[in-house]
Amino acid sequence: MFQDRLQALLVPALQAAFSELFNHALDARSVGFQATRPEFEGDVTINVFPFLKQSGKGPEQTAQAIGEHLKAKVPIVERFNVMKGFLNIVIADSYWFGFLQEAATQDILEFPPTGKRVMVEYASPNTNKPLHLGHLRNIFLGYSVSRILKSAGHEVIKVQVINDRGIHICKSMLAWQKFGKGETPDSAGVKGDKLVGKYYVEFDKAYKAEIEALVIGGRSKEDAEKEAPIMLEAQEMLLKWEANDPDVRTLWEKMNGWVYEGFEATYKRAGVDFDKNYYESQTYVLGKNDVLEGLKKGVFYEKDGAVWVDNTKEGLDEKVLLRRDGTSVYMTQDIGTAIKRFEEYPGLSKLIYTVGNEQDYHFKVLFIILKKLGFAWADELFHLSYGMVDLPTGKMKSREGTVVDADDLIEEVVSEARKTGEQLSKLDDISEAEKAELFETIGLAALKYYLLKVDPKKRMLFDPAASIDLQGHTGPFIQYTYARINSLLRKAGTMAQWMHDPKSAWPLLPEERAVIKLLHQFPTVLDEAATKLEPSAIANHSYELVKAYNSFYQAIPVMKEEDAAKREFRIALSATVASVTRKAMWCLGIEVPERM
RNA sequence: GGUCCCGUAGCUCAGCUGGAUAGAGCAUCAGCCUUCUAAGCUGACGGUCGUUGGUUCGAAUCCAACCGGGAUCGCCA
């Protein structure tokens, strides 16, 4: 990494300075470089306060002594200044020119292969209702993480888990049977997932009506909830499903098929995909044997006929893994599925679950259990826990109909992009089809960037008005900068290759230097994003970069520059910003348009 | 009640492996298009970093307590 390379040049020199000046060994890890604050002259800053004990001198003298030593010994240290305990170092232009030369000719956001395989699970929808805003945060986050890991040199396997069985889908099936009159997505003219979701709501209505009737008839609310005929019927249907009843299975396959078509359409429009799907109907039987084996080994224990794990030593509770009747719980399946994945993918070195933070406890327990079962890879499991998405009106609640539908939302951001795009009317000469594609790209960028720029761990507020904003700290602003550079490059024609020639170099302008430094930091940001699984780091740095570029663009002529060497250098700088931005957006799952 | 997460400008968020005068965007106000895309740029306004203690040469950042918000603690999924 380039940041590391600069440090690699400076740290040993600093250590040498230390032993010569103060006769003291300096631990490389204790050295912290920081970017020099803009109000001072310099590129990197060393804070000497931590070294005062060893130097035995005051901050100014210490910094001054180190600065003089570095300037004498390190060619790229051009000059320095001391402000209190801060040693601000100016790195020679030649270093920055040299870096740009490299960045212009290779992808600085593509790391060499690590040989590691990583599985990222980033969607686990139920098949009884359509995808909503919460799913979108999950999907965009996981997709971005998988691309970041890929750029960081890992082999990535993207998977989703489809919760295709259980009482929830039986409810939809039953309601469709009762009230559907044979309606299909085609006959109703709606997406399959929407149709099935509609019958899930129908079930709930009928169920509530039955409860009410029973309560009026004198039953307690709790009894009524248990005794409502339609609920009993749904439970019966679930039993039939488990018994492989042909009629139930046929209906189940038909309705799930509708849902998959609907999901597929949403994923396609959202621009995400998966390498493999796991279906709960196939995995829900897994895990039972593993639990029984754990019982034999004494990892688990039996109480009241059920199998339990005791995690009280870990500060957690006891948890049932097999019910008294021998059937599985959710945890059991997850144990089995994890084991299966590591069997299916030999050499899998990491498994990341992108799941909301309401399941923090679940994953804590799951990982502890797998560790107790003795799987070495248990340490490589990671719960990428993301915060809930709130609306200005409060929490999303499906029962209260406050859920923001994924398809509707995408439609809205795209049409907003269209509205603005047509107002600006810069695109009168391109076809309707091209325009449609462009607005799709811009609208989705607005939405994705809005969801990804926030630290995934944090709960976030979804403000519909802000999410379709195309100005300021937004995806379209970044796209705009890219398109703008492209326009510049088109004017430049076949780009004459700029080559850094140390002999004919000129002083870098502050605007140029600022842009180069942000490019220089980017690989470190990618590394951090890949380590911490934080797309927001990429999103925010991309914004910093294009903002600095726009300031440069505003103040400094590129094509109008008369000195050919400078002109070509600025074209190369612009082209590099464009290509790095494109790659950074790729890491977020965001496309960039050639013009807008 | 136990455990965990969060609290930074009017709003939404950065900054959090301790370091200089805490940064952006939106909103508000004032400038900049006969020159490379104004979806842009420049500037102004705006802060007891929830509160109180502690550690430290130095705390938004680490620790503790409290206040406020959220999640979770099923033989549900």
Side-chain angles (χ1 to χ4, degrees), chain A residues 29 32 34 36-37 39-40 45 47-50 52-53 59 83-86 88 124 126 163 165-168 280 284 303-308 315-317 319-331 333-334 356-362 364-365 385 387-388 390 392 395 417 420-421 423-424 426-427 442 446 450 453-455 457-463 465-467 469-474 476-481 483-492 536-537 539-541 543-544 546-547 550-561 567 570-571 574 595-596:
Chain A
R29 285 166 305 177
Q34 49 186 307
T36 305
R37 295 182 66 101
E39 58 267 35
F40 302 107
T45 293
N47 179 354
V48 301
F49 276 106
L52 298 186
K53 277 186 213 116
M83 292 293 298
K84 296 190 240 172
F86 297 92
N88 301 319
S124 46
N126 289 356
N163 298 309
R165 54 133 247 141
I167 192 70
H168 53 85
E280 197 201 349
Y284 85 109
K303 186 173 80 182
D304 306 331
V307 178
W308 294 74
L316 305 175
D317 297 316
K319 169 94 192 159
V320 165
L321 300 178
L322 283 177
R323 296 190 190 99
R324 198 188 320 196
D325 63 5
T327 55
S328 296
V329 293
Y330 188 53
M331 187 66 76
Q333 289 180 47
D334 272 8
N357 64 9
E358 74 272 20
Q359 297 209 38
D360 284 356
Y361 181 78
H362 173 79
K364 246 185 224 171
V365 174
S385 164
M388 298 289 97
D390 285 331
K395 291 178 66 172
T420 309
Q423 256 169 26
L424 293 170
K426 297 178 186 176
L427 304 156
I442 296 171
Y450 183 83
K453 72 176 173 183
V454 181
D455 181 343
K457 291 189 290 295
K458 291 191 176 164
R459 164 180 281 268
M460 69 176 288
L461 183 87
F462 183 84
D463 177 355
S467 74
D469 207 334
L470 310 175
Q471 280 151 25
H473 189 187
T474 67
F477 169 75
I478 296 169
Q479 290 180 315
Y480 172 75
T481 310
R484 202 186 213 186
I485 295 173
N486 250 285
S487 165
L488 195 68
L489 297 178
R490 276 193 298 272
K491 290 206 168 60
S536 55
N540 289 317
H541 195 74
Y543 173 66
E544 295 298 325
V546 298
K547 203 159 55 124
N550 276 324
S551 297
F552 156 80
Y553 178 91
Q554 187 74 25
I556 315 294
V558 179
M559 298 310 297
K560 308 275 175 188
E561 170 59 50
R567 185 170 64 239
R570 288 180 194 152
I571 291 169
S574 302
R595 53 176 293 186
M596 68 188 272

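Below, chain A is the first sequence line, B the second, and so on; all start at residue 1.
Annotation: B:A77 and B:A14 have their P atoms spaced 35 Å apart (nearest Å). Between B:U3 and B:G18, the distance separating the two P atoms is 26 Å to the nearest Å. Only the C1' atoms considered, B:C33 is 11 Å distant from B:C41, to the nearest whole Å. The P atoms of B:G54 and B:U61 are separated by 14 Å, rounded to the nearest whole Å. B:G7 and B:U48: their C1' atoms are spaced 15 Å apart (whole Å). Look at the P atom in both B:A22 and B:G50: the space between them is 15 Å, to the nearest Å. Taking the P atom of each, B:G46 and B:A24 are spaced 14 Å apart, rounded to whole Å. A gap of 25 Å separates the P atoms of B:C66 and B:G74, to the nearest Å.
Judged by distance alone, with hydrogens and angles left aside, the side-chain atoms of A:Arg570 form a donor-acceptor pair with the main-chain N or O of A:Pro557 at under 3.5 Å. No side-chain donor-acceptor contact under 3.5 Å links A:Ser487 to the backbone of A:Ala483. Checked by atom type and distance alone, the side chain of A:Arg324 never pairs as donor or acceptor with a backbone atom of A:Gly305 at under 3.5 Å. Checked by atom type and distance alone, the side chain of A:Arg595 pairs as donor or acceptor with a backbone atom of A:Lys426 at under 3.5 Å. Of the possible donor and acceptor atoms, one in the side chain of A:Asn163 sits under 3.5 Å from a partner among the backbone N and O of A:Ser124. When atom types are taken as modelled, the side chain of A:Asn47 and the backbone of A:Phe49 share a donor-acceptor pair closer than 3.5 angstrom.
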Pairs under 3.5 angstrom, nitrogen or oxygen only, protein versus nucleotides 19-22 of chain B, please.
from: B:G19; atom 1: N9; to: A:Asn47; atom 2: ND2; distance (Å): 2.9
from: B:G19; atom 1: N7; to: A:Asn47; atom 2: ND2; distance (Å): 2.9
from: B:A20; atom 1: N6; to: A:Thr45; atom 2: OG1; distance (Å): 3.2
from: B:A20; atom 1: N6; to: A:Asn88; atom 2: OD1; distance (Å): 3.1
from: B:A20; atom 1: N1; to: A:Asn88; atom 2: OD1; distance (Å): 3.4

Please list, for nucleotides 7-14 of chain B, all pairs of protein and nucleotide N/O atoms separated by less than 3.5 Å.
from: B:C13; atom 1: OP1; to: A:Leu461; atom 2: N; distance (Å): 2.7
from: B:A14; atom 1: OP1; to: A:Asp455; atom 2: N; distance (Å): 2.7
from: B:A14; atom 1: OP2; to: A:Lys458; atom 2: NZ; distance (Å): 3.2

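A side-chain donor from one of A:His362 and A:Asp334 sits under 3.5 Å from a side-chain acceptor of the other. For the residue pair A:Asp469 and A:Thr474, no side-chain donor N or O sits within less than 3.5 Å of a side-chain acceptor on the partner.
Between A:Ile478 atom CD1 and B:A39 atom C1' the separation is 12 Å, expressed in whole Å. B:G69 atom P lies 18 Å from atom CG of A:Asn357, rounded to whole Å. With rounding to whole Å, A:Asn550 atom CG is found 12 Å from B:G25 atom P. Rounded to whole Å, the distance from CG on A:Leu316 to C1' on B:U72 is 11 Å. A straight line from CZ of A:Arg324 to P of B:C76 spans 11 Å, rounded to a whole angstrom. For the pair A:Glu358 CD and B:G70 C1', the interatomic distance rounds to 12 Å; values are reported in whole Å. At whole-Å resolution of the value, CD1 in A:Ile167 and C1' in B:A77 are 11 Å apart. In this structure, A:Tyr543 places its OH atom 10 Å from C1' of B:C26, rounding to the nearest Å.
The side chain of A:Asp469 sits closest to B:C26 out of B:C26, B:U42, B:A77. Which of B:C4, B:A39, B:C75 sits closest to the side chain of A:Lys364 comes down to B:C4.
With sequence neighbours excluded, no residue forms a side-chain contact (heavy atoms from CB on, under 4.5 Å) with A:Ser551. Partners of A:His473 under the side chain to side chain donor-acceptor pair (under 3.5 Å) rule, at least two apart in sequence or in another chain, are A:Tyr449, A:Asn540.
Heavy-atom nearest nucleotides on RNA chain B were determined for A:Pro476 and for A:Asp317, and the one closer to the 5' end corresponds to A:Pro476.
For B:C41, the base adopts the anti conformation, since its glycosidic angle falls more than 90 degrees from zero.
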Exercise for review: Any chance you could list the contact pattern along nucleotides 30-38 of chain B? Use B for base contacts, S for sugar-phosphate-only contacts and - for none, protein heavy atoms under 4.0 Å, 5' to 3'.
Suggested key: -----SBBS
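In this structure, A:Phe477 reaches the sugar-phosphate backbone alone: every heavy-atom distance under 4.0 Å involves primed, P, OP1 or OP2 atoms, never a base. Looking at heavy-atom distances under 4.0 Å, A:Lys395 makes contact with sugar-phosphate atoms alone, never a base. Heavy atoms of A:Glu544 sit nowhere under 4.0 angstrom from any nucleic acid atom. Within the nucleic acid shown, A:Leu322 has no heavy atom closer than 4.0 Å to any nucleic acid atom. Within the nucleic acid shown, A:Ala466 has no heavy atom closer than 4.0 Å to any nucleic acid atom.
Here the closest heavy-atom approach between residue A:Val320 and residue A:Leu322 is recorded as CG1-O, 3.6 Å. Here the shortest heavy-atom pairing between A:Ser328 and A:Tyr284 reads OG-O, 4.2 Å. Shown here for A:Ser385 and A:Asn357, the closest heavy-atom pair between the two residues is OG-CB, 2.9 Å. Pairing each heavy atom of A:Met559 with each of A:Ala492, the nearest pair is CE-CA, 3.6 Å. Smallest separation of non-hydrogen atoms from A:Leu461 and A:Tyr450: O-OH, 3.0 Å. Closest heavy-atom contact between A:Gly85 and A:Pro59: CA-CB, 3.8 Å.
In this model, the phosphate group of B:A39 is not approached by any side-chain N or O of A:Thr474 to a distance below 4.0 Å at OP1 or OP2. Side-chain nitrogen and oxygen atoms of A:Lys547 include none within less than 4.0 Å of the OP1 or OP2 phosphate oxygen of B:C41.
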Review point. For RNA chain B, what is the dot-bracket line, given that a base pair needs Watson-Crick (N1 to N3, plus N6-O4 or O6-N4) or G-U wobble (N1-O2 and O6-N3) geometry with both distances under 3.5 Å, and | means paired with another strand?
Key: (((((((..((((.....[...)))).(((((.......))))).....(((((..]....))))))))))))....
